[in-house]
Q: 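One structure, as structure tokens, below. Some questions next.
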There are 2 protein chains.
Amino acid sequence: MYQIGEVATLAKVSIRLLRHYDEIGLLAPSGRSEAGYRLYAHGDLQRLQQILFYRTLEFPLEEIKRLMTAPGFDRHAALLQQRELIRRKAQELGAVLDLLEHTIAGIDPSGQEKNTMSTKEMFEVFPDMKQEYQDEAQERWGNTDAWKQSAARWSKYTRADMERMKQEMAQVFGQLEKVFAAGTRPDAPAAIAAIEAQRLLSDKWFYDCPKELHVKGTEWVARDERYVRNIDKNCPGLAAWMHQAAKANLTAG
Amino acid sequence: MYQIGEVATLAKVSIRLLRHYDEIGLLAPSGRSEAGYRLYAHGDLQRLQQILFYRTLEFPLEEIKRLMTAPGFDRHAALLQQRELIRRKAQELGAVLDLLEHTIAGIDPSGQEKNTMSTKEMFEVFPDMKQEYQDEAQERWGNTDAWKQSAARWSKYTRADMERMKQEMAQVFGQLEKVFAAGTRPDAPAAIAAIEAQRLLSDKWFYDCPKELHVKGTEWVARDERYVRNIDKNCPGLAAWMHQAAKANLTAG
DNA sequence: TTAGGGCCTCACGCAACGGGAGAGTCAATC
DNA sequence: GATTGACTCTCCCGTTGCGTGAGGCCCTAA
């Protein structure tokens, strides 16, 4: 059991931060001394490490909390995902570097511009990732050989991961179909539970997907028609029902 | 002249951000339309680009403002420095990646830990190190005034950075020694190539160093006698030869 | 002339802490 | 046993960097 100060020096964060994380319920120390001192166990440190990884990726704390306290949270999968996201961030930095080089090349040391950059060029990298990814995805997925190209993004998962995903997906969708087939209304508790399970699973596997592929909240149905059609082919009407359920889930939460 | 919305889409930032930067006097548009619309000129876009580079580096806006409105502000130098800092950031990310790999390797896919990481290891990278490295630096540079002044600057390096630097330095100096030992004249192409490599590396690692420790261009020989003595201890005559080579490099370039 | 964008200025809100103030705790030392 | 100094606690206010309306003007196009 470590005191708060020890943890702070170990993890190179401030004591205030640790107290803050306790306050918001993100990282509650697993014990307290008689005097009320926070006492952190090894597991708490592991959790802190995870949190810091997420923070490096600029996830909002609230999101981190949601992810990590979700019933199906899988540390190994999370680490793989984080690795992938960090790789991508590194690439983005690389792009910024390229832009810098380009900019530097465009002026000489005296500060005079040799050849003016176009206004488009000037910002051709700053990663407002949201927009960028959406464009990229649109471009990517608008094409016929889209599936081929998608292989790249999936390549980060191992075969075992994929198996696990398929199984988990199958289970969740099986549950959804069952509830749907039973004629359950989309705002019934059973439906909401099922759709929430699906949402959690989506978050787990697709969190870093561009929105077009991203099944999240109520949005996805409108976004990815291919996905919707597939669902409806297997079970006509299910997609729309899921959409309703997701809405009900949102207003319920 | 661009309207605020155009600038926003170009630079992929929000309109609110632009207004905010105007409010705090960081980026005032160089004109207004009759109706009071903000009008941005090309120069404003350049300035915005710079600001965004700084923001990528997480400089506080107040600091960015201070830097950019300072009388001696040099765009070219700023870009070089930004490039260096971004490189460093990328390296830090690399260190995080290493830690992630290490962590992943320590557990198996089922989530069971194979071999527990030590608590120290667990955090051995998160933006970090001040203390550890300062000790090393103190040992190396002694308690000189120069060291005091440069302590802040060095505290920015991670331990991984230092490792990398040492390796790269060793390589470059190895090459220098080899060329020198072969009796090459300091104005020969091989010598110039070697000294240029050294200069580039210096720029990379010491760009924003105080001059006392700063190995740059031909300057360093006169500045840091300790450094020179060290070089000569390892390889008598090399320092002077490097000085010559650096001069030849300057006149050649 | 009316609708639909785009723009304006307040003005309040929020996340993620930083930084005290005031007070208890704990081990070592006088 | 009393004091000292380092460590901790709980409020609670402050700050940065915007997000997000509200309410209202500008401007073109139908």
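The figures that follow rest on heavy atoms only: side chains count, while hydrogens, waters and symmetry mates do not. What you are looking at is a predicted structure, and each value in this text was computed from that prediction instead of being measured. Below, read A as the first sequence line, B as the second, and so on, with proteins coming before strands; counting in each chain starts at 1.
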Q: Reckon B/S14 touches a base, only the sugar-phosphate, or nothing at all at heavy-atom distances under 4.0 Å?
A: sugar-phosphate
Q: Heavy-atom distance under 4.5 Å between the side chains of A/H76 and A/L79, does that happen here?
A: no
Q: Test of understanding: with ring-ring contact (aromatic ring centres under 6.0 Å, His included), list the residues that count as partners of B/F59, not counting sequence neighbours.
A: B/Y54
Q: I'd like to check the side-chain contact (heavy atoms from CB on, under 4.5 Å) partners of B/A8; sequence neighbours left out, ordered by chain and number.
A: B/I15, B/L18
Q: What is the distance, rounded to the nearest whole Å, between atom CG of A/L18 and atom P of D/dT8?
A: 10 Å
Q: Using side-chain hydrogen bond (donor to acceptor under 3.5 Å, both in side chains) as the criterion, list what pairs up with B/E34, not counting sequence neighbours.
A: none
Q: Please identify each residue that fulfils salt bridge (charged side-chain N to carboxylate O under 4.0 Å, His left out) with A/E6, with sequence neighbours left out.
A: none
Q: Taking five pairs at each end, how big is the angle between the two axes of the helix from C/dT1-D/dA30 to C/dC30-D/dG1, to 10°?
A: 10°
Q: Only counting residues at least two apart or in another chain, list the ones meeting side-chain contact (heavy atoms from CB on, under 4.5 Å) with B/E62.
A: B/K65
Q: Going by the rule side-chain hydrogen bond (donor to acceptor under 3.5 Å, both in side chains), which residues pair with A/H102 if we only count those two or more places apart in sequence or in a different chain?
A: A/E121
Q: I want to confirm an ordering. Mapping B/S33 and B/P60 to their closest nucleotides on DNA chain D, which one lands closer to the 5' end?
A: B/P60
Q: May I ask you to decide if A/F53's main-chain N or O and A/Q82's side chain share a donor-acceptor pair within less than 3.5 Å?
A: no
Q: Run the side-chain hydrogen bond (donor to acceptor under 3.5 Å, both in side chains) test against B/R66 and tell me which residues pass, sequence neighbours left out.
A: B/E63
Q: Using a cutoff of under 3.5 Å, can you pull out all pairs of nitrogen or oxygen atoms linking the protein to nucleotides 21-23 of chain D, with atom names and distances?
A:
none

Q: In whole Å, what is the span from the CG atom of A/L17 to the P atom of C/dA15?
A: 16 Å
Q: Excluding sequence neighbours, so at least two apart, what forms side-chain hydrogen bond (donor to acceptor under 3.5 Å, both in side chains) with B/K89?
A: B/E58
Q: Which salt bridge (charged side-chain N to carboxylate O under 4.0 Å, His left out) pairs, counting each pair once, include a residue from residues 37-54 of chain B, with sequence neighbours left out?
A: B/D22-B/R38
Q: Does the protein touch nucleotides 4-9 of chain C at the base, only the backbone, or not at all? Give it as B, S and - per nucleotide, heavy atoms under 4.0 Å.
A: --BSSB
Q: Does D/dC18 have OP1 or OP2 sitting under 4.0 Å from an N or O in the side chain of B/Y21?
A: yes
